[in-house]
Structures are given as C-alpha cells and as structure tokens.
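The structure appears right after this line, and notes come after that.
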Amino acid sequence: MEHHEIKSNTDKQKPVDVEPRKDNILDALIINIGQCGRFQIINYVMLCLPIICNAIYSLSYVFTASSVGHRCSISECDNLTSKFIEPWLNFSIPENNGKWDDCEHYEALSGMKGPCEARFFNSTRRVACDAGYKFKDRENTISREFDIFCSDKWKLSMVGTVNNVGQFVGIPLGGYLADRYGRKLILVITGVLSALCGLARSYAPDYYTFLSFEFLDMAVGSTLYPTAFLLAIEFVGPKHRVVAATFISSTYGLAEAGMGYLAGYILDWRVLLRLLYTPALLHLIFICYLPESVRWLLSQSREEDAIHTLRRVARINQRSLPEDQLNELIRTNRELVASSKATQGHYSVKQIFSALGLRIAQCCFLWFTNTLITLGLTLNSVGLSGNKFQNFSMMGFMQLPGIVLSMLLMHRIGRRWTLSMFLSSSAVLLLTMALFAEDYPSFAGPLYFLAKMTSTGSFMVLYFFTSEIFPTSCRNSLLSFCSMVGRFGSMLAPQTPLLINYYKYAPHLLFATFGLLASVIAMFFPETANKVLPTTLEEARALDRSQQMKQTKISKVSKTAV
C-alpha cells in the first residue's frame, strides 16, 4: 500500500485522491472483517435505543406541558352531568375567534333562581372563571394538575424554552466528554441519568420541581443522539456510512410518530413519563455489550484496545484478520499520533478555530437554519386541522421519506449538492404555499408536509456532513458545538407563530429566506463523498485543498475545450 503524506507539498498524487495511510489500513481491515455483518447489525440495534430516547425526551413536553381544552365552569348552570358543550353557553360565555372563550364568562345576576336562562346574565360585563373550569376530555397535563390557565399560560411555553436551554448546555458538554472519555461511557452515563431525571419528573409535586427536572433531563440526555450517531458511522467504511446513518436516523422519526400515538392513549402525563423513561435504563447493558469506537481508541493511542475490538468483530462476523495488517495499523497510528500537533491526542481551541474557523462558522449557520425550519414547521403545524396527536405522528412519519431520499441522493450527487437542493426545495415549497394557499387551499396541506419532508432530508445530510468534515479527536466536540449553536434556532422557533398576527404566512417567508441563504452557503463546504474520515487537523484542512484543486482542474479542462 502506497504511503501518501497529507502535508507534503511535493506529493505528485492528486489531492482529491490523498488518503491517510492509517485510515486506508483501517478501512481495508473493516472491509475484510465485514462492514454489514452480524456484529454491525447487533450494535446498530443497540444504538437505536439512545436515538429513540433522544427523539422522545426532546419533545415530550409537547404533551406533558400542553394546554387542555377547557372553559369556565358556570356554577349557575353546570352540574355533575353537564357536558363541555351545552346550549346555554350561547348566553353565558362570549365567543372569541369563532370558539367559546376559555378564560372569561358573562357575569351572572345576583339572586338568580330557577332554570339557567339568558335573562340572568349580563352580556355587557365579563368576569374571570372564579368557579373553576369544565374540561373537554380526560386529558391530564401539568396545565390541569397545577392549575396553569389563562394569564399563567406562559408557564407552559416556558417548559419548551427550558428544554432547549438544557440542550444548549448539555450538547457541547456531552460532546467534549465523549471525545475525551469515549462514546460508550458517555452513552451509558447520560442514558441512565436521563432516565432517572424523567422518572423523578413524573413524581414532581409542583410546577417548579417539574421545570427543574426538565432542564436536568436535557442537560444530561441531549447528547445521546450525536454520540450514538457518530459511534454508528465510525463502525463502517466510507461506502457504507450513508446506509448506516440512514438506518440509525430513521428510528428518530418512528420514535416521534410512536410517541404521538402513545400520548393519544395515555392521557395522564405522569403515567406517560414513566412509560417513556423506564426503557432508558437499558443503557446499562452497553457496559457489557457495546464496543468503543475503534477510530476513537486509535486517536487516543489505545492500540491494544482497538485491536481487541477488531478481533471481536472478526470473530462474530466469522472472518479472518491478518496479523501483519494489525501490526501495520499499530505502527502507522503511532507515527500519525506522534507527528500530530495536538497535545496527548487533543487539540486546543485556538488550533481548531485557526485551522477550521470558517468551516465551523458555516456549519453553525446551517445548524441554526435547520433547527429553526424543522422545529418551526412542527410547532406551526398546530394550525392544521385534525387531531393533534395524529398530526404530530404524521410529522414524524414524514421524516422517513426525507431520510431515505437524502441517502439516495448523497450516493449519487454528493453531500454538498444534496444539502443545497433540500434547503432550496423546502424554501420554494413554503413560498409557493404562501403565494397560492388562499386561492388553492387544498394544496396547502400537501405543500406543508413536503416542506417538512425536505427540511428533514437537509437535517439528515447536515448531521452526516458535520460528522465527516472534522477530525476524529474533536469530531464529537465540534458536532456538539454546531448543534449547540443550532439551539438558538430551536429557541426562536416557538416565537414564530407570533408573526401570524402581522401576516398569516410570515413564518413561512422567514423559513424560506433562511433556507435559500443556507442553500448557497452549503455549496462552499468540501465534498466528502467516499472519503475516509479525517483523523488530524491537517487531513481535515486537506478536504478544502482537494476541493479547490478539483475545481481548478475542471476550470482548466473547460478552458482547454473552449
């Protein structure tokens, strides 16, 4: 196998073909012992657990902290057999935007006796619901249990904000710890701690206790998805990373859809939380059965542990493992780590941003845009007609075709073009909906769901792209950092429905504007299709140089043809 040095200025090989020798050997070993064998299948099934948990826990507040259907209880008319809708509501409760007001009722005249009649109510004077509330159904959320109604409704939206603040804190911290101490250890610790926080929250005696555990839950559990995602793609070689990531990511949408249906049957928030969080305790089995990433072990100079894992893979997949290749892998890895500028296998923040500052800035903007659009579309879907549980599940199912389509296109046209195309398509669909929904209302729903599908596809590509453009020793940290910046988009998304007060389709125009801008920026990323994962900063920077050389060569060929 020919040795190519990334930093050599006299290398006669084409930069686009330059591959780090250690990764060439590692990828060859992985191919020999099986990329999609029994070992990988078992581990991918296990890695679905943290993906499912993260999908559910990051959005469980949609059902545990949602407002329940209610109206004022009219003591002069209501009794134990009264229904939510009664004929006397026409004169006892005012209308508000086509429905009964849920916070006020008309003042009842003093001394009222006899049947409930309109003459006993003063339709010119409104009063608060001093007699309590009548509920539409048996759904029980913290709104109903902690008496959060009307002027206190801000407390419900605050739960979503605190959830995202927890992610803002937890994602970069978890990414740093995963790069420092390993993917496996962090998955076990955060998975179990998240389960304990969720179960404790189900016993919360008051609102502020609930809110505290909501923050702690996401502060420790928000790193589950990025850590499991990286561990999954580090199991395989370049040609199978897309398939592996697609399989893992598909469980995210299925988990959301499943939670929607489960919440529709389990209408008590305490019972729902216990059912959702108990399975996370299964992360304890990872201690015995889930292997650490071979690439991470090599980046930490833990060659013996990496060799032990490779032998285990070969044994389970019933493949041979040449000893001479293992020895060559150890030798070249030691040379690579020794020549690295990083101290003890880790780069300083200054080194990272000096080498990849522009790429990190581009990545952060795309993460902000994708979280804003994807979560914004989900939150604004409440304006769609139909059952809220079924609508939520449909939004989860719409992620599946977006994920599959992104996989197919990444194989054929590369990462950059696929990402740009999905972002621009989502923007165009939203613009089309804003322009023609009033004249053609039947097309509004399909266009909205297609926009959700394409935004999910772009998120899939972005997650995948981010895991390929940064070196191994700081990959999880930078993925988590970009995701952390993206939390600003998810914090802004809950406020976008307020724009409807100014223009019905103002949120759509906002999403479309950011989507079009991000689609242009995506084209400035280096292409990583069929490239080995970079180990050092020099190899990561070489991706840009390879892209520039490739563009220069194409330009020269075009000029020659002319």
Side-chain angles (χ1 to χ4, degrees), residues 61-112 116-163 204-211 214 263 267-270 379-389 391-392 493-502 504 506-507:
Y61 69 88
V62 173
F63 301 111
T64 60
S66 65
S67 178
V68 296
H70 64 279
R71 64 168 174 80
C72 293
S73 178
I74 310 300
S75 57
E76 294 79 7
C77 303
D78 273 311
N79 53 54
L80 294 178
T81 61
S82 297
K83 298 180 180 178
F84 184 73
I85 301 296
E86 293 285 356
W88 38 261
L89 296 181
N90 292 310
F91 54 79
S92 62
I93 296 181
E95 283 193 20
N96 186 10
N97 295 324
K99 59 181 181 179
W100 307 120
D101 194 297
D102 53 9
C103 294
E104 294 181 328
H105 65 88
Y106 291 129
E107 182 183 38
L109 301 178
S110 58
M112 171 182 171
C116 179
E117 297 178 356
R119 58 192 178 92
F120 294 114
F121 290 88
N122 182 4
S123 61
T124 62
R125 181 176 174 80
R126 300 183 180 187
V127 294
C129 302
D130 51 359
Y133 301 93
K134 190 76 174 180
F135 298 101
K136 185 176 182 179
D137 49 42
R138 61 185 182 88
E139 182 182 7
N140 181 35
T141 69
I142 64 169
S143 172
R144 185 169 181 172
E145 188 157 336
F146 299 147
D147 292 323
I148 304 174
F149 301 104
C150 302
S151 61
D152 289 333
K153 274 189 176 181
W154 61 271
K155 292 183 178 180
L156 300 179
S157 59
M158 180 59 68
V159 175
T161 300
V162 169
N163 180 287
D206 54 62
Y207 170 76
Y208 289 102
T209 302
F210 177 93
L211 201 64
E214 183 77 38
L267 298 177
D268 186 280
W269 68 275
R270 294 186 185 273
L379 297 178
N380 281 275
S381 66
V382 297
L384 301 176
S385 60
N387 181 282
K388 71 174 183 179
F389 300 105
N391 286 340
F392 184 89
Q495 309 304 321
T496 56
L498 299 176
L499 297 174
I500 297 176
N501 296 328
Y502 302 97
K504 184 177 181 180

Let me confirm one number: the [atom1]-[atom2] distance from [X] to [Y], rounded to the nearest 0.5 Å.
X: Y61; Y: L211; atom1: OH; atom2: CG; value: 13.0 Å
X: E139; Y: S67; atom1: CD; atom2: OG; value: 8.5 Å
X: Y106; Y: R125; atom1: OH; atom2: CZ; value: 13.5 Å
X: D206; Y: E145; atom1: CG; atom2: CD; value: 10.5 Å

- Query: Considering only the SG atoms, does C150 lie under 2.5 Å from C129?
  - Reply: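 No, no disulfide: SG-SG not under 2.5 Å.
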- Query: If every non-hydrogen atom of V159 is compared with every non-hydrogen atom of I142, which pair is closest and at what distance?
  - Reply: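 In this case the closest contact between V159 and I142 is CG2-CD1, 4.1 Å.
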- Grab the two heavy atoms, one from S66 and one from S143, that are nearest each other, plus how far apart they are.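 Answer, listing the atom of S66 first, then S143: O-CB, 3.6 Å.
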For a 4.5 angstrom cut-off between non-hydrogen side-chain atoms, does [X] reach [Y]?
X: I85; Y: W100; answer: yes
X: C77; Y: E86; answer: no
X: K155; Y: Y208; answer: yes
X: L267; Y: F389; answer: yes
X: L156; Y: T141; answer: no
X: V68; Y: D137; answer: no
X: F63; Y: F392; answer: yes
X: F121; Y: E107; answer: no

- Only counting residues at least two apart or in another chain, list the ones meeting ring pair (Phe, Tyr, Trp, His ring centres under 6.0 Å) with Y133.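 Result, ring pair (Phe, Tyr, Trp, His ring centres under 6.0 Å) vs Y133: H70, F149.
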Does [X] reach the main-chain N or O of [Y] with its side chain, forming a donor-acceptor pair under 3.5 Å?
X: K134; Y: S82; answer: yes
X: R270; Y: A204; answer: yes
X: T209; Y: P205; answer: no

- Item | Sole residue of D78, D102, D101 in side chain to side chain donor-acceptor pair (under 3.5 Å) with R71 |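 It is D78; the other options fail the test.
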- Item | Parallel, tilted or perpendicular: ring planes of F146 versus W269, cut at 30 and 60 degrees |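 Geometry flag for W269 against F146: perpendicular rings.
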- Item | Chi angles and distances behind the side-chain contact (heavy atoms from CB on, under 4.5 Å) call for V127, H105 | CA-CA 6 Å; V127 294; H105 65 88; 3.3 Å; yes
